[in-house]
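The next block holds one structure in the form of structure tokens; read it before the comments.
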Amino acid sequence: MNTRREQLKSGVKDGIPICLGYFAVSFTFGIMAINYGLSPWQSIAISLTSLTSAGQFAGLGIITAGAPFAEMAIAQLVINLRYSLMSCSLSQKLDKTTPFYHRLLIGYGITDEIFGVSVCRPGPLNPWYCYGLFLLAIPGWTLGTAAGAFLGQLLPERALSALGVALYGMFLAIIIPPAKKDRILAGVTVVSMVFSLLFFLIPTLHRVSSGLRLIILTVLIAGAAAVLFPVPDTMEVSHE
């Protein structure tokens with residue numbers, strides 16, 4: 001499949017499950033954003049321009065705490081740094097003649113799920129396949145936020161409480177499967193939970209703002225894990 005239309009259709013087809021998952025999670029983000037004092041249009045603008053679930057949810061806490069812009073910028077840099085690595089990886093799958101504007105547009109839409117689908121696609125990556133993924137994934141995330149922001153206020157209190165728990169369920173669904181297969185990852189997860197609890201329980205540490213707390217824990221724990229348990233560089237991306 002080499003034509004633009006075929007690549008686009010293939011991307012749209014593969015983007016359907018991503019779109020559905022994004023809608024469900026971003027619905028919760030829309031509800032939380034309203035509860036944190038943002039307007040519906042501010043919530044929608046964040047989802048349309050940011051496209052990062054972890055960064056957006058963390059950002060809500062930082063905004064509510066009234067933290068300075070520098071703290072927000074550093075926290076988002078730390079949380080979303082993985083997207084730079086993903087973009088570098090995908091750039092190796094693109095044909096060397098791919099124009100810069102295609103690379104720039106693809107960089108805007110890279111998320112964990114889109115990267116996973118794109119990097120596993122056999123052969124060189126066609127930009128139009130990525131655009132097909134974007135056509136469903138990005139509207140799914142943005143419209144889910146809009147639905148949560150506008151319609152969440154109409155839902156009963158029990159439903160809102162259940163949707164709030166759904167966010168933690170999503171994180172557990174992401175963490176538990178790989179942690180069960182990798183003892184090092186499971187250990188890092190447990191250490192992260194313990195240190196987060198200590199920051200909450202110890203009065204002196206509890207005074208640290210949520211954004212700075214996130215930066216400290218992420219850099220220290222992830223950095224220590226990278227030094228103590230480096231991952232062998234055995235993965236190669238196929239260009240055939």
Quick one: are [X] and [Y] in side-chain contact, heavy atoms under 4.5 Å?
X	Y	result
Pro124	Lys93	no
Leu90	Leu94	no
Leu228	Ile184	no
Val12	Lys9	no
Leu133	Ser118	yes
Phe199	Val194	no
Pro40	Ile34	yes
Gln56	Trp141	yes

Is it the case that Gln7 and Ser10 place a side-chain donor and acceptor less than 3.5 Å from each other?
no

Under 3.5 Å, is there a donor-acceptor pair between the Glu113 and Tyr22 side chains?
yes

When you group the ILVMFWY residues by side-chain heavy-atom contacts below 4.5 Å and let the links chain together, are [Y] and [X] in the same group?
X	Y	result
Ile79	Leu81	no
Leu125	Tyr108	yes
Met72	Leu60	yes

Might you confirm whether atom CZ of Phe195 has over 12 heavy atoms from other residues, nucleotides or ligands at distances under 6.0 Å?
no

If you compare all heavy atoms of Ser26 against all heavy atoms of Gly140, which two are closest, and at what distance to 0.1 Å?
OG-O, 3.7 Å

Does the ring center of Trp41 lie less than 6.0 Å from the ring center of Phe150?
yes

